[in-house]
Amino acid sequence: MPPRRPHTKSRQGCAVCKRRRIKCDENRPTCTPCTNSARECEYPERDITFMPSASTRRRITNSPVTSLSSQVSPGCDPENLQGPSVNMLHIELLHQLATETLKSLHENVSDMDISLSEMMKHSLTAPYLINELLALAALHLSTICAQRRDFYRHHAIQLQTHALRIFHEMNSEVNSETVVPLFLFTSFLGLHMLCDTLINRGGNFDEFLDNFVHYLRVHRGSRTVIGAHWDLLAETPLWPILQDQTSRLNQQTSLDLDCNRLFKLIRTSGLDPSTSHNYEETIETLRLAKAPSKNGATSLGIFTWPVVVPSAYIDLLAERKPEALVILSHYAILLHSRRDTWMFSDAGQFMIQSINQQLGPEWADWLTGPNFALASCSTTGAPHQEEMMEDLSNSCKHV
């Protein structure tokens, strides 16, 4: 009887393979056995990383490429070959990113209009960027693959966690070489947090509001770092895109009827001057966010408003002040107008209906615009714009 082939234990294998008593190839974040069997791979948090370990980097560095031909011969046993396996989940996420996710961003967020090859180039020196990009692709897949929704969202959270960890460990100084990957990272991180907050909200409005306030503070904080070095972006390929968006946000256009109505309600509400001023500033940022871009799209405002909204308003929203909730419901009109996209889904409707319920009928006059936005949607999802404008115009006469 031939001797049994010795079995080498996988000491750093995933918990799933250990429970199944099979050998794990230790692929992160999903090992090959778990990928092949469509199981949710679990590693101890400290062991999971998309970056190669120090020992792996040393092996790669110390292995001469010329020795590969002598290591692999026609008569060798493939099972005896040692080396890292291709992480098929990452390949799947990269494919999703390149073919679907970035396309959806280009259609909805013009300041994300940067090529995949450009982002890959920056990811070589900023691995936190590729981790966040793959995390966003995983979040996208979680919205379109219902049977594996939890699987993809689990890995979206993992990859984003590792992106943040690498980002903090690298502690990169903002300079001409790092400003682009840092800007891209903070942009995609904020977009990811917003989308995750909107589409994975559960049914509890209080919990959703806490998460939304947390998102606002994190996104504003991360972009403030870049804002202090805005001049460095002038020498990068991003500058023409950013210049176009800045000029659009700075344009002085007449108030739309909805924001005009909010201004009048705030000014006649008897609030103290400081609070009234904070709300007026916030309504102004909302007006600018609602201004259409050159191609007529308003999706950009969904992402720009959380960045430019005054921090004082965020505090008022955290306190559940009625006027702050009313302004949020008007922001939700933008979300509802793009409910056909995977990034927002029915979040706008959820927010408007929840705020209605929270404030009660005595605030119905303040919520005319948001409620009409919901009621004026036909079966095709298009609002009756002329009717809505006439209704708002008539309402403004009575303020």
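This chain uses plain numbering: 1 for the first residue, then up along the sequence.
With rounding to the nearest 0.5 Å, the separation of CG in Asn260 from CD1 in Ile283 is 10.0 Å. To the nearest 0.5 Å, the span separating CG on Leu209 from CG on Leu328 amounts to 6.5 Å. Taking CD of Gln358 as the start and CG of Asn356 as the end, the distance is 11.0 Å to the nearest 0.5 Å. For the atom pair Leu182 CG and Glu177 CD, the distance stands at 11.5 Å (nearest 0.5 Å). Separation of atoms OG1 (Thr282) and NE2 (His330) is listed at 13.0 Å; rounding is to 0.5 Å. Atom CG of Asn371 is separated from atom CH2 of Trp363 by 14.0 Å, given to the nearest 0.5 angstrom.
Note: the hydrophobic cluster containing Ile22 does not contain Val16 (ILVMFWY, side chain heavy atoms under 4.5 Å, direct or indirect links). Following chains of ILVMFWY side-chain contacts shorter than 4.5 Å, one cannot reach Phe185 starting from Ile157, and the two form parts of different hydrophobic clusters. Cluster membership check: Val218 shares its hydrophobic cluster with Tyr313, using side-chain heavy-atom separations under 4.5 Å among Ile, Leu, Val, Met, Phe, Trp and Tyr.
The two atoms that bring Asp340 and Ser337 nearest to each other are OD1-O, 4.3 Å, heavy atoms only. Across Glu26 and Cys31, no two heavy atoms sit closer than the pair N-CB, 4.4 Å. Ala332 and Met351 make their closest contact through CB-CB, 3.9 Å (heavy atoms, listed as atom of the first residue, atom of the second, distance). Shown here for Ser104 and Met343, the closest heavy-atom pair between the two residues is O-CE, 4.0 Å. Heavy atoms only, all atoms of each residue included: Phe344 and Thr341 are closest at CD1-OG1, 3.0 Å. Heavy atoms only, all atoms of each residue included: Ser37 and Arg20 are closest at OG-NH1, 3.6 Å.
For the side-chain contact (heavy atoms from CB on, under 4.5 Å) criterion with Asp196, the lone passing option out of Leu139, Asn211, Leu136 is Leu139. Evaluated for a side-chain contact (heavy atoms from CB on, under 4.5 Å) with Leu94, the options Leu89, Leu134, Thr99 yield exactly one hit, Leu134. When the options Tyr152, Trp342, Phe188 are evaluated for a ring-ring contact (aromatic ring centres under 6.0 Å, His included) with His140, the one that passes is Trp342.
Side-chain atoms of Glu118 and His122 include a donor-acceptor pair closer than 3.5 Å.
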From CA spacing to verdict: side chain to side chain contact (heavy atoms under 4.5 Å, CB included), Leu325, Leu359: CA-CA 8 Å; Leu325 291 172; Leu359 296 181; 3.9 Å; yes
Full working for side chain to side chain contact (heavy atoms under 4.5 Å, CB included) between Leu194 and Ile302: CA-CA 10 Å; Leu194 174 61; Ile302 295 174; 4.2 Å; yes
Residues Leu116, Leu97; criterion side chain to side chain contact (heavy atoms under 4.5 Å, CB included); working and verdict: CA-CA 9 Å; Leu116 178 64; Leu97 177 72; 3.8 Å; yes
Chi angles and distances behind the ring pair (Phe, Tyr, Trp, His ring centres under 6.0 Å) call for Tyr279, Phe263: CA-CA 8 Å; Tyr279 284 135; Phe263 266 111; over 10 Å; no
Trace of the salt bridge (Lys or Arg N to Asp or Glu O under 4.0 Å) decision for Arg201 with Asp346: CA-CA 11 Å; Arg201 61 183 182 271; Asp346 62 343; 2.9 Å; yes
Criterion side chain to side chain contact (heavy atoms under 4.5 Å, CB included) on Ile352 and Leu335, from CA distance to verdict: CA-CA 10 Å; Ile352 293 171; Leu335 296 173; over 6 Å; no
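A salt bridge is absent between Asp258 and Arg287; no separation between the charged side-chain nitrogens and carboxylate oxygens falls under 4.0 Å. With respect to Arg320 and Asp210, a salt bridge is recorded, a charged nitrogen being found less than 4.0 Å from a carboxylate O. Taking a cutoff of 4.0 Å between a charged side-chain nitrogen and a carboxylate oxygen, Glu280 and Arg267 qualify as a salt bridge.
Under a 3.5 Å cut-off, the side chain of Asp25 and the backbone N or O of Thr32 do form a donor-acceptor pair. Checking side-chain atoms of Ser276 against main-chain N and O of Pro273 turns up no donor-acceptor pair under 3.5 Å. Judged by distance alone, the side chain of Thr275 and the main-chain N or O of Leu271 form no donor-acceptor pair under 3.5 Å.
Heavy-atom contacts from other residues, nucleotides or ligands closer than 6.0 Å to CD of Glu40 number more than 12. The number of heavy-atom neighbours closer than 6.0 Å to CD of Gln357, taken from other residues, nucleotides and ligands shown, is 12 or below. In Glu362, the CD atom is crowded: over 12 heavy atoms of neighbouring residues, nucleotides or ligands sit closer than 6.0 Å.
When side chains are defined from C-beta on, Cys34 counts as touching Cys14, because their heavy atoms get closer than 4.5 Å. Put simply, the side chain of Leu334 does not reach to within 4.5 Å of the side chain of Arg338, judged on heavy atoms. In this structure, Arg220 and Val307 have side chains that are not in contact, with every pair of non-hydrogen atoms separated by 4.5 Å or more. Side-chain contact check for Leu164 versus Asn131: every heavy-atom pair is 4.5 Å or farther apart. Between Gln353 and Gln349 the shortest side-chain heavy-atom distance falls below 4.5 Å. Within the 4.5 Å cutoff, the side chain of Met193 has no heavy atoms near those of the His219 side chain. Side-chain atoms of Met119 and Leu102, non-hydrogen and from C-beta on, do get closer than 4.5 Å to each other. For the pair Thr178/Phe183, no side-chain contact is recorded, criterion being any heavy-atom separation below 4.5 Å from C-beta on.
Ring geometry, Phe212 versus Tyr331: the interplanar angle falls from 30° to 60°, so the pair is classed tilted. Using a 30° and 60° split on the angle between ring planes, Phe151 and His155 fall in the perpendicular class, above 60°.
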